[in-house]
Amino acid sequence: MNATLNVRNPRFTKLDSTTAVTNGKGRFDTGELTPQTTEKAILYLGFDWGTNKSCLKAGYAGKPELAIEEIVPTIVGYAKEGIVDGLLPDNATVLYGQKALQHRLHLNLVQPMVDGVVKDLPAARDFARHLRSLIATPTGTEIRAVIGVPANADAPARENVRQCVAGLFDRVLLVPEPFLAALGFRDETRLSDTSYVDPVRNSLFVDIGGGTTDVCLIQGYYPTADDQVSLAFAGDRVDGLFYDAVRKTYPDCELSPIKVRELKEQFSFVGKPSGPIVATVMVNGKARKLDITEQLGVACGELLNVIFNTVKELISRASSDSVGELLQNIVLTGGGSRIRGLDVELQRLLSEEGYEQPCVRLAGDRYKEFVALGALKAARQARENQWQQVIK
Ligand SMILES: Nc1ncnc2c1ncn2[C@@H]1O[C@H](COP(=O)(O)OP(=O)(O)OP(=O)(O)O)[C@@H](O)[C@H]1O
Ligand SMILES: [Mg+2]
């Protein structure tokens with residue numbers, strides 16, 4: 001039986017443990033919440049460790065306000081061999097996030113996360129240490145972090161995350177990202193408003209990131225493995241398809257991965273384009289205009305197809321009693337949800353497929369914060385026995 005989540009009073013949420021690091025095999029007991037009695041200051045941390053960008057939200061126990069808010073590109077840059085003194089700030093040997101991107105010419109850039117999971121353990125650990133350094137706390141503060149993981153992260157993937165943060169945070173809890181996104185998106189101040197559609201009650205969340213697209217049924221309890229699907233097809237794959245198509249049409253145009261992503265983000269669309277998309281790019285030092293309408297449309301369209309098929313699969317797994325309301329509450333979030341027309345086109349495809357009045361909406365501009373915000377809420381709600389200590 002699923003541990004139920006009291007949707008009216010989030011303080012009494014009971015998280016299932018199937019993917020939490022505290023207990024990878026079974027569920028936690030469902031005893032009552034015990035009040036915090038410890039004297040030590042506790043900092044609760046919500047940590048969205050994204051493939052492209054990571055987000056931190058933290059607050060102290062007993063204080064509702066946020067103490068820390070950070071969004072950092074998930075990238076580590078190691079200084080190239082033999083680099084001249086004074087080129088990098090403070091002659092740093094490693095730079096992170098925005099600074100690493102800024103100085104990329106003189107760095108070997110390493111992406112610690114690929115497809116939503118740790119790919120390069122040493123770089124991931126360095127990156128986690130950097131994030132820890134951004135969190136200034138009084139001595140003796142205990143840091144309890146809820147960390148988002150892709151919906152289907154397996155035991156080795158979760159273990160890697162634990163290893164990376166061992167010694168940096170005192171206790172951790174790993175929770176699937178789409179569930180955290182729904183929790184973060186939820187507006188608790190409106191729960192008594194009868195017109196408010198509570199995303200945690202009965203919804204389908206589609207989180208389209210850089211590495212993975214996570215689709216998850218959120219039905220008032222902690223999702224089980226059957227309620228969620230994580231696909232390694234998201235923004236990075238769209239970049240790859242787009243790049244291949246551009247190279248096919250314009251073989252002499254070499255575009256860097258950063259330029260490819262930039263063009264995609266600027267012009268992305270699904271459905272009918274509003275007009276031809278002509279981008280100006282530098283080729284061998286000369287500005288050149290390229291028509292990229294078809295190449296970008298096909299690459300983004302592939303992602304739409306993948307999402308459509310996965311959403312249908314998840315709808316088929318929902319109980320017949322819940323499906324009517326569920327169809328009214330399909331929420332797109334993550335950076336990929338910024339693709340122009342994605343909500344309208346997905347809704348159109350679902351309607352054409354015969355689903356009853358589907359309603360697809362966007363989580364909105366603050367998409368990057370929802371997982372971390374939900375993780376912070378989950379951290380504040382977690383019971384003492386749900387936390388796991390991670391020792392180096
Ligand atoms: N306007 C846009 N159009 C298309 N794609 C976009 C747009 N804005 C951002 N993206 C894409 O969204 C992706 C990043 O999304 P997000 O920040 O949610 O990912 P992440 O959380 O780092 O990754 P993951 O959840 O897979 O670990 C990138 O591929 C980025 O290019
Ligand atoms: Mg993400």
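Numbering of ligands and ligand atoms starts at 1, following listing order.
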Backbone, side chain, both or neither: what part of Met113 comes under 4.0 angstrom of ligand 1, heavy atoms only? neither
Distance from Lys312 atom NZ to Leu349 atom CG, nearest 0.5 Å? 8.5 Å
For atom 2 (C) of ligand 1, which candidate among Glu262, Arg338, Gln266 provides the closest heavy atom? Arg338
Looking only at distance, does Thr51 have an N or O less than 3.5 Å from an N or O of ligand 1? yes
Heavy-atom proximity to atom 19 (O) of ligand 1, picking from Gly235, Gly210, Gly211, Ser268, points to Gly210
Closest heavy-atom pair and its distance - Arg340, Phe267: NH1-C, 3.6 Å
Within the structure, is a non-hydrogen atom of Ala234 found at a distance of less than 4.0 Å from ligand 1? no
Heavy-atom nearest neighbour of atom 15 (O) of ligand 1 within options Gly335, Cys55, Ala181: Gly335
Under 4.0 Å from a heavy atom of Gly336: which atoms of ligand 1 are those, numbered in the order shown and with their elements? 12 (O)
Determine yes or no for a side-chain-to-main-chain donor-acceptor pair under 3.5 angstrom, with Lys368 supplying the side chain and Lys53 the backbone. yes
Please evaluate residues Asp236 and Asn52 with respect to the criterion side chain to side chain contact (heavy atoms under 4.5 Å, CB included), reporting the C-alpha separation (whole Å), side-chain torsions for both, the decisive distance (0.1 Å), and the verdict. CA-CA 9 Å; Asp236 294 345; Asn52 288 174; 3.7 Å; yes
With heavy-atom distances below 4.0 Å as the criterion, list the atoms of ligand 1 near Gly334. 18 (O)
Under 4.0 Å from ligand 1, counting heavy atoms only, is it the side chain of Arg261, its backbone, both or neither? side chain
Which of the atoms in ligand 1, numbered in the order shown and given with their element, are less than 4.0 Å from a heavy-atom of Lys264? 5 (N), 11 (C), 28 (C), 29 (O), 30 (C), 31 (O)
Which atoms of ligand 1 have any heavy atom of Gly50 under 4.0 Å away? 20 (P), 21 (O), 22 (O), 27 (O)
For atom CG of Asn284, is the number of surrounding heavy atoms from other residues, nucleotides or ligands below 6.0 Å larger than 12? no
Distance-only polar pair, side chains of Ser319 and Asp321, donor-acceptor under 3.5 Å: no
Heavy-atom nearest neighbour of atom 13 (C) of ligand 1 within options Ala372, Gly209, Cys300: Gly209
Is it true that Thr333 and Asp207 share a donor-acceptor pair across their side chains at a distance under 3.5 Å? no
